[in-house]
Amino acid sequence: VKQTWKDIATVFKEPMLYLAALVYFCLIVPSYAYAFFAPTIISQMGYTAMEAQRHSIYPWLATMGFSFIMAATSDLTKIRLPFALISASLAIAGLSMIITLVHSPVPRYVGCFLTAMGLYSCMPTFICWMSLNFSGHSRKSVGTAFVIGFGNIGGIISSFIFPNNAAPGYKKGLAICIGFACLAFLAILCYACYVRYKNGQKESESYKQKWDSLDE
């Protein structure tokens, strides 16, 4: 069946699309920001050159392992919400450690682990969940493209909130990141409530009759 402009337009009438875009946008801001504050924390620990490069890799190795565990467990249980919330909570905890423990580089470095593990497992968990909730090829392709495309605009914000003269504390930038991570947490809950509401609607007789009246 050929996809028409009318089919595409109907996707943009769905509130779920904008809730999902908000969640991803809020996660992208601190995710992109990680690249701006992590090198400063590693240099605070006294590492330079190859040692600095090596220590920058460890949080990503932990993130890879954690993401595999979260993905496998989420698929096994066939639920996404708890895993998205756990990941978002980890990111908030990590960012909170980084902003408060300015003169304690090792705990700040631990905060980098939590931040990366939380953000970079929450995003794929949510995108998978969101994509599954867009039924049909048209809704799935347009909806997923819009959410990811709009969400990545958040990277523009990240590039302006970590000026060099704010190092090593980066109070303002980190506070903004925590705010967006908390907003993502709340938006995920709102998204879950909306999905539950839509599922309830689909159980009603009026919805079933309307569905049965549609063409192939």
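Nothing fancy with the numbering, it's 1 onward along the sequence.
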In residues 168-175, what donor-acceptor pairs under 3.5 Å come from side-chain atoms, sequence neighbours left out?
residue : atom : partner : partner atom : Å
Tyr170  : OH   : Thr40   : OG1          : 3.2
Lys171  : NZ   : Ile99   : O            : 2.7

Ignoring hydrogens and angles, write down the donor-acceptor pairs under 3.5 Å from the side chains of residues 125-137, residues two or more places apart or on other chains.
residue : atom : partner : partner atom : Å
Thr125  : OG1  : Ser121  : O            : 2.7
Asn133  : ND2  : Trp129  : O            : 3.2
Asn133  : ND2  : Tyr191  : OH           : 3.0

Show every donor-acceptor pair shorter than 3.5 Å between a side-chain atom in residues 17-38 and any protein atom, with sequence neighbours excluded, or say none if there are none.
residue : atom : partner : partner atom : Å
Tyr18   : OH   : Phe12   : O            : 2.8
Ser31   : OG   : Leu27   : O            : 2.6
Tyr32   : OH   : Asn152  : OD1          : 2.4

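At most 12 non-hydrogen atoms from other residues, nucleotides or ligands lie less than 6.0 angstrom from CG of Asn164.
Considering CD of Gln53 and CE of Met50, their distance stands at 7.0 Å, rounded to 0.5 Å. Separating the CG atom in Leu85 from the CZ atom in Phe185 is a distance of 4.5 Å, to the nearest 0.5 Å. Separation of atoms CZ (Phe180) and CG (Leu183) is listed at 7.0 Å; rounding is to 0.5 Å. To the nearest 0.5 Å, atoms CD1 (Ile8) and CZ (Phe146) are separated by 13.0 Å. Considering CD1 of Ile57 and NE2 of His55, their distance stands at 10.5 Å, rounded to 0.5 Å. In this structure, CD1 on Ile98 lies 4.5 Å from CD1 on Ile41, to the nearest 0.5 angstrom.
Residues Gln44 and Pro105 share a closest heavy-atom pair of CB-CB, 3.8 Å. Here the closest heavy-atom approach between residue Leu114 and residue Gly94 is recorded as CB-CA, 3.7 Å. Annotation for Ala181 and Leu95: closest pair CB-CD1, 4.3 Å, computed over non-hydrogen atoms. What you find for Met97 and Gly111 is that their closest heavy atoms are CE-N, 4.1 Å.
Using a 4.5 Å cut-off between side-chain heavy atoms of Ile, Leu, Val, Met, Phe, Trp and Tyr, with links allowed through other members, Ile153 and Ile176 fall into the same hydrophobic cluster. Hydrophobic clustering, with ILVMFWY side chains joined whenever heavy atoms are under 4.5 angstrom apart, keeps Leu119 apart from Ile69. The hydrophobic cluster containing Leu76 does not contain Ile86, counting ILVMFWY residues as joined when their side-chain heavy atoms lie under 4.5 angstrom apart, directly or transitively. A chain of hydrophobic side-chain contacts below 4.5 Å, direct or via other Ile, Leu, Val, Met, Phe, Trp or Tyr residues, connects Leu101 to Ile92.
In this view, Glu51 and Arg54 satisfy the salt bridge (charged side-chain N to carboxylate O under 4.0 Å, His left out) rule, not counting sequence neighbours.
No side-chain heavy atom of Ile42 sits less than 4.5 Å from a side-chain heavy atom of Cys112.
Among residue pairs with one or both ends in residues 64-84, none qualify as ring pair (Phe, Tyr, Trp, His ring centres under 6.0 Å); sequence neighbours excluded. For residues 60-82, the salt bridge (charged side-chain N to carboxylate O under 4.0 Å, His left out) pairs, not counting sequence neighbours, are Asp75-Arg80.
Ser141 contributes a side-chain N or O that, together with a main-chain N or O of Ser138, makes up a donor-acceptor pair within less than 3.5 Å.
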Discussion item. Between Glu203 and Lys208, does the side chain to side chain contact (heavy atoms under 4.5 Å, CB included) criterion hold? Intermediate values first, please.
Written reply: CA-CA 7 Å; Glu203 293 299 320; Lys208 290 177 182 178; 4.2 Å; yes

Worksheet item: Lys198 and Met16: side chain to side chain contact (heavy atoms under 4.5 Å, CB included), yes or no, with the steps?
Response: CA-CA 10 Å; Lys198 292 295 289 185; Met16 183 171 67; 5.9 Å; no

